[in-house]
Enquirer: 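After the structure tokens below, expect a handful of questions from me.
Worth saying up front: this structure is predicted, and the values here are computed from it rather than measured.
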Amino acid sequence: MARAGLTTERLTRAGADLADEVGFDQVTASELARRFDVKVASLYSHVKNTQDLKTRIALLALEELADQAADAVAGRAGRDALTAFANVYRDYGREHPGRAAATRMRLDPETAAASAGVRHAQMTRAILRGYDLTEPDQTHAVRLLGSVFHGYVSLETGGGFSHSAPDSDETWTRTLDALDALLRNWPAPSTP
């Protein structure tokens with residue numbers, strides 16, 4: 001019988017907190033059970049296994065990040081929207097490194113289609129409409145922005161920019177300047 005007070009939501013949030021503490025890859029149902037001082041079997045009426053727990057953490061993180069990004073970009077366009085959107089990703093990644101890693105978890109197609117990941121793509125595409133990008137360039141740009149935001153935050157939170165000048169904040173600002181300039185002057189496709 002599960003211990004009173006354990007719910008799927010409570011376990012998911014505790015798992016997300018654990019991910020921020022120890023890293024998303026280190027989250028297990030066993031470790032979470034230790035945190036609640038219960039047997040692993042007590043969790044199984046709420047989560048199927050570690051994979052299910054990690055999927056729930058990923059879905060929670062995607063939802064949190066989408067909500068924050070939507071608030072940040074509301075009423076903005078162009079570079080202002082791009083900067084607000086990017087800063088949400090960076091701030092979230094710095095504050096919640098485990099959750100940020102969870103947002104990159106591979107989800108099965110059905111779960112992904114029902115997740116807040118769809119909202120992320122829609123917001124990114126809305127921002128890109130301000131740059132007059134059409135398909136397939138819009139998809140290329142969505143992938144580029146996601147790669148830059150996630151890559152930068154991963155390197156920064158891993159200490160990759162802490163060993164030399166200039167300060168990481170300065171580089172971030174210059175990176176956003178460069179992205180804005182690139183999006184305003186998107187290159188024509190290369191000929192083979």
Enquirer: Give a yes or no on whether Y92 and L62 share a hydrophobic cluster (residues Ile, Leu, Val, Met, Phe, Trp, Tyr; joining criterion: side-chain heavy atoms under 4.5 Å apart).
Expert: no
Enquirer: How many angstroms lie between CD in E63 and CD in Q68, if you round to the nearest 0.5 Å?
Expert: 11.0 Å
Enquirer: With sequence neighbours left out, which residue pairs that include part of residues 182-192 fulfil the salt bridge (charged side-chain N to carboxylate O under 4.0 Å, His left out) condition?
Expert: D180-R184
Enquirer: Going by the salt bridge (charged side-chain N to carboxylate O under 4.0 Å, His left out) test, which pairs reach into residues 39-54, not counting sequence neighbours?
Expert: D52-R56
Enquirer: Are any side-chain N or O atoms of H46 and backbone N or O atoms of L6, one a donor and one an acceptor, separated by less than 3.5 Å?
Expert: yes
Enquirer: Are the side chain of T83 and the backbone of D80 linked by a donor-acceptor contact shorter than 3.5 Å?
Expert: no
Enquirer: Does a sphere of radius 6.0 Å around CD in E110 hold more than 12 heavy atoms from other residues, nucleotides or ligands, not counting ones at 6.0 Å or beyond?
Expert: no
Enquirer: Quick one: list whatever passes ring pair (Phe, Tyr, Trp, His ring centres under 6.0 Å) with F161, sequence neighbours left out.
Expert: Y152
Enquirer: Once you round to the nearest 0.5 Å, how far does CG of L53 lie from CG of L18?
Expert: 8.5 Å
Enquirer: Should side-chain heavy atoms under 4.5 Å link Ile, Leu, Val, Met, Phe, Trp and Tyr, which residues sit in the same cluster as L60?
Expert: none
Enquirer: Return the OG to CG distance between S42 and D37, rounded to the nearest 0.5 Å.
Expert: 10.0 Å
Enquirer: Of the non-hydrogen atoms in A100 and G93, which two are nearest, and what is the gap between them?
Expert: CB-CA, 3.7 Å
Enquirer: In Å, rounded to the nearest 0.5 Å, how long is the span from CG of L182 to CG of D177?
Expert: 12.5 Å
Enquirer: Can you see which heavy atom on V27 is nearest to which on G15, and at what distance?
Expert: CG2-O, 3.9 Å
Enquirer: Mind checking ring pair (Phe, Tyr, Trp, His ring centres under 6.0 Å) for H150 and listing every partner two or more places apart, or none if nothing turns up?
Expert: Y89
Enquirer: Any side-chain heavy atom of F149 sitting closer than 4.5 Å to one from L176?
Expert: yes
Enquirer: With side chains defined as the heavy atoms from C-beta onward, is the minimum distance between S154 and R104 less than 4.5 Å?
Expert: yes
Enquirer: V153 and L144: same hydrophobic cluster, using ILVMFWY side-chain contacts below 4.5 Å?
Expert: no
Enquirer: Enumerate the residue pairs fulfilling salt bridge (charged side-chain N to carboxylate O under 4.0 Å, His left out) with a member in residues 143-172, sequence neighbours excluded, ordered by first and then second residue.
Expert: R90-E156, R90-D169, R94-E156, R94-D169
Enquirer: Test of understanding: clusters of I, L, V, M, F, W, Y form through side-chain heavy atoms closer than 4.5 Å, transitively. Do V142 and L65 belong to the same one?
Expert: yes
Enquirer: Looking at residues at least two apart in the chain, or sitting in another chain, which of them share a side-chain contact (heavy atoms from CB on, under 4.5 Å) with Q122?
Expert: V118, R119
Enquirer: A86 and W172: which non-hydrogen atoms are nearest, and at how many Å?
Expert: O-CZ2, 3.3 Å
Enquirer: In the structure I gave you, are the side-chain heavy atoms of T12 and L59 within less than 4.5 Å of one another anywhere?
Expert: no
Enquirer: Can you list, by chain and residue number, the hydrophobic cluster partners of V40 when the side-chain cut-off is 4.5 Å?
Expert: Y44
Enquirer: Does the pair L82 and R76 meet the rule for a side-chain contact (heavy atoms from CB on, under 4.5 Å), with working shown?
Expert: CA-CA 9 Å; L82 175 67; R76 298 175 188 258; over 6 Å; no
Enquirer: Just by distance, do the side chain of D20 and the backbone of R99 share a donor-acceptor pair under 3.5 Å?
Expert: yes
Enquirer: Which pairs count as salt bridge (charged side-chain N to carboxylate O under 4.0 Å, His left out) when at least one residue sits in residues 26-35, sequence neighbours excluded?
Expert: E21-R35, E31-R34, E31-R35
Enquirer: I want to check something: taking the side chain as every heavy atom from C-beta on, are F85 and L145 in contact at a cut-off of under 4.5 Å?
Expert: no
Enquirer: For T171 and P166, work out which heavy atoms get closest and say how close.
Expert: OG1-CG, 4.0 Å
Enquirer: Looking at A61 and T103, what are the two nearest heavy atoms and their distance?
Expert: CB-CG2, 3.7 Å
Enquirer: What are the two closest non-hydrogen atoms of M105 and A58, and how far apart are they?
Expert: SD-CB, 4.0 Å
Enquirer: Could you list the residues that satisfy side-chain contact (heavy atoms from CB on, under 4.5 Å) with D25, not counting sequence neighbours?
Expert: none
Enquirer: How many angstroms lie between atom CG of N49 and atom OG1 of T28, to the nearest 0.5 angstrom?
Expert: 11.5 Å
Enquirer: Looking at residues at least two apart in the chain, or sitting in another chain, which of them share a side-chain contact (heavy atoms from CB on, under 4.5 Å) with A141?
Expert: L128, L133, L183, W186
Enquirer: Taking only residues two or more places apart in sequence or in another chain, which ones pass side-chain contact (heavy atoms from CB on, under 4.5 Å) with N185?
Expert: none
